[in-house]
Number of protein chains: 2
Amino acid sequence: MKKVSIKDIAQMAGVASSTVSFVLNGKARKMRISETVEKRVLEVARNAGYYPNQLAISLRTGKSKTLGLIVENIGNIFFATLAKTIEEEAEQYGYRVVYCSTENNASKGKELISMLSQRQVDGYLITPAPHMEEDIQQLVQLQRPVVLIDRYLPAVEASHVLVNNTDAVEQGMSHLFSQGYREIGFVTVDLDIMQMEQRLDGYIGALSKEGIRLNKDNILKIPYTHQRDEAVELIATLLENNPHLDALFFATNYLAILGLESINRLKMSIPQDIAVISFDDHDIFRIYPPGITSIQQPVEAIAKKAVALLMDQCENGENKIEKAAVELAAKLIVRGST
Amino acid sequence: MKKVSIKDIAQMAGVASSTVSFVLNGKARKMRISETVEKRVLEVARNAGYYPNQLAISLRTGKSKTLGLIVENIGNIFFATLAKTIEEEAEQYGYRVVYCSTENNASKGKELISMLSQRQVDGYLITPAPHMEEDIQQLVQLQRPVVLIDRYLPAVEASHVLVNNTDAVEQGMSHLFSQGYREIGFVTVDLDIMQMEQRLDGYIGALSKEGIRLNKDNILKIPYTHQRDEAVELIATLLENNPHLDALFFATNYLAILGLESINRLKMSIPQDIAVISFDDHDIFRIYPPGITSIQQPVEAIAKKAVALLMDQCENGENKIEKAAVELAAKLIVRGST
DNA sequence: TTACACTTCTAAAACGATTTTGCAAAATTA
DNA sequence: TAATTTTGCAAAATCGTTTTAGAAGTGTAA
């Protein structure tokens with residue numbers, strides 16, 4: 001009923017609480033505790049069903065062995081996979097992860113950072129929402145371990161690891177070109193995120209390399225605060241207004257899913273009427289006939305690298321931290337849609 | 001750089017730390033702190049960038065204002081939605097949620113409970129994996145607030161809230177009957193979970209009510225530890241061996257998704273060759289042509305009720321806790337597949 | 001003048017652990 | 001035998017809060 005503390009164990013075993021602590025932490029040898037006492041303490045602790053109070057430990061040691069992970073939306077498969085992989089990776093180092101979503105809302109992001117700070121996380125893994133620069137900069141200035149994922153902020157001196165977005169899009173575009181598609185629409189989201197700009201740059205760059213003139217009408221920027229149906233409508237309108245389009249490039253998986261609805265609604269068929277390719281993979285893309293070609297981010301590699309960088313900062317303590325900027329290559333998954 | 005504590009603020013403001021605590025907790029009035037002092041403390045605290053150490057607060061007060069949520073797999077949309085809703089709901093009560101997945105593995109579940117206990121969560125929300133009875137029973141015996149979700153354990157005296165599985169399946173079956181389907185296969189998972197048995201019961205009950213003789217061959221239990229491909233293969237085999245089947249009822253969404261692959265592989269078309277209905281909704285079901293009929297659990301209601309019950313237990317403190325058993329009704333979403 | 005009541009704040013204990021320091025007894029050395 | 005070292009544990013400080021008890025100082029009444 002009442003939780004048992006180290007003090008209770010000490011009393012029951014007839015020793016001081018420091019002795020119990022030493023034994024329970026395997027420092028019996030180092031602290032020259034006799035085997036007799038050690039055994040007795042261990043025995044008492046087990047019988048009493050003792051388990052340590054992590055709060056007290058963290059308070060005393062100043063290490064919570066916890067990392068804070070802030071993503072855009074834990075509901076999206078990309079972030080969910082990222083979170084899961086990061087969690088597994090962190091576990092290797094003996095750290096727990098607590099995760100939360102910004103929904104791309106800066107003020108929510110600010111709150112989350114504050115909440116994580118109050119909970120004394122040892123380090124921060126952040127996919128920054130727009131306008132979170134100041135808050136993150138502050139963490140960096142306070143010398144807190146921080147690694148940005150999936151995006152980076154030019155204004156902030158923090159380590160980051162992300163996919164090479166421009167290259168990835170160009171890779172996808174080359175594939176489309178090689179399949180004979182020339183009139184390619186690009187659907188992205190109207191968000192001021194570096195990563196989205198890079199993807200758009202990749203699109204524009206690929207066109208120019210191929211000697212195709214950029215047609216602004218082929219680019220659709222969907223407001224981030226869209227309702228599902230409105231977005232579907234917008235994409236459908238793009239297709240109707242531009243019948244010359246033979247392929248659509250979606251900048252993220254959730255846009256592509258909306259796009260599939262639009263295409264469905266127009267009774268167009270993939271890839272005969274329109275080819276489709278999406279950034280970020282998704283379960284649906286594997287199943288949805290005829291299979292949707294996508295650009296798969298190396299989620300595992302990103303997670304591993306990010307955690308490694310963060311651990312480095314955490315363990316390195318007072319030494320000045322070097323900032324690392326890591327870019328990884330994406331992988332094209334060709335399916336029936338192209 | 002160095003974190004500022006309440007003691008630092010006290011020193012800077014020239015008052016005792018207790019005074020600072022009172023002011024910061026809005027108890028200035030109650031403790032008759034003069035406005036002069038109050039203002040000074042507030043000012044100093046703000047300038048120093050003070051934020052409270054949640055660990056210390058929790059240690060002192062004995063309340064972590066944190067709930068532990070253990071689900072089967074946070075990657076599954078059903079649990080992800082559940083988790084998100086629970087999080088939002090708990091926030092209303094001023095609680096945070098830390099969540100983790102069992103992967104239906106009892107030993108992992110045991111570890112998770114232990115980890116949550118060490119972190120001093122105030123209450124537990126658990127979707128129990130098979131064989132977690134003893135561990136959960138222990139929590140209950142220790143009078144810890146516990147609410148089971150989505151499933152329940154007959155052997156454990158704990159509050160639980162879940163959908164009425166039997167009714168839900170019967171509802172789906174009636175729909176199939178009304179559409180003229182008679183030869184209905186049932187694909188479930190070979191897991192010893194109450195909830196799955198109830199769904200199977202619903203299937204069997206519906207058949208008998210309709211006066212259809214139960215054909216054991218129409219039931220497929222897929223081993224839980226299946227590889228993706230093996231499961232797809234098993235379902236395909238079921239279809240090949242039983243050409244008389246005109247509809248398939250999937251007991252969970254991930255099984256249905258596998259089933260769609262099987263059906264695809266056999267080049268069968270939905271609903272002409274085979275009708276499909278699934279327990280639990282999924283994004284894919286809305287998109288996948290011609291739309292997959294599904295049984296949608298009232299996730300929001302479940303989350304709300306579960307959190308409410310748990311909060312009740314948490315706040316009620318020492319008073320004996322009444323066990324509640326809540327069953328909610330599911331909703332049939334009819335789409336093109338039936 | 002003493003007693004009492006307010007007002008305004010402080011001191012100290014407590015939460016549950018870790019860790020440094022201290023100290024008696026036993027063992028070793030001189 | 002005395003001095004020194006080692007052994008084996010206990011005491012106490014500490015982390016950052018909250019909270020209870022109470023200490024000064026001032027005003028009021030008997």
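So you know, we letter chains A, B, ... as the sequences are listed, proteins then strands, and number each from 1.
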What pairs of donor and acceptor atoms, side-chain ones from residues 12-26 of chain B against any protein atom, are under 3.5 angstrom apart with sequence neighbours left out?
unit_1	atom_1	unit_2	atom_2	d
S21(B)	OG	N25(B)	ND2	3.3
N25(B)	ND2	S21(B)	O	2.9

Polar contact flag, side-chain donor to acceptor under 3.5 angstrom, N104(A)-T102(A): no
I9(B) CD1 - dT18(D) P separation (whole Å): 13 Å
Length of the CZ-P vector between R119(B) and dG16(C), whole Å: 18 Å
Interatomic distance where CD belongs to Q120(A) and P belongs to dC15(D) [whole Å]: 14 Å
Rounded distance (Å) that lies between atom C1' of dC15(D) and atom NZ of K3(B): 11 Å
Nearest-nucleotide pick for A16(B), side chain only, options being dA17(C), dA11(D), dT10(C): dT10(C)
Nearest-nucleotide comparison on DNA chain D, the residue closer to the 5′ end among S18(A) and I57(B): S18(A)
Atom-to-atom span, NZ of K7(A) to C1' of dA14(C) - whole angstrom: 8 Å
Shortest side-chain distance from A56(B), nucleotide among dG16(D), dG16(C), dT18(D): dG16(D)
Rounded interatomic separation in angstrom, taking CD1 from I6(A) and P from dC9(D): 16 Å
Under-4.0 Å side-chain N/O to phosphate OP1/OP2 contact, Y50(A) with dA17(C): yes
Under 3.5 Å donor-acceptor, S114(A) side chain and K110(A) backbone: no
Side-chain donor/acceptor of S5(A) to backbone N/O of K7(A), under 3.5 Å: yes
Test item: R46(B) side-chain N/O and Y50(B) main-chain N/O as donor-acceptor pair under 3.5 Å: no
Nucleotide dA17(C), atom C1' - distance to OH of Y51(A) in whole Å: 14 Å
Side-chain donor/acceptor of D122(A) to backbone N/O of L67(A), under 3.5 Å: no
Pairwise ring pair (Phe, Tyr, Trp, His ring centres under 6.0 Å) hits with a residue in residues 55-107 of chain B, at least two apart: Y99(A)-Y99(B)
Sugar-phosphate only, base, or nothing, as touched by L59(B) at under 4.0 Å among non-hydrogen atoms: base
Nucleic acid contacts - residues 19-45 of chain B versus DNA chain D, non-hydrogen atoms under 4.0 Å: S21(B), F22(B), N25(B), K27(B)
Length of the line joining R60(B):CZ and dT14(D):C1', which is rounded to integer Å: 16 Å
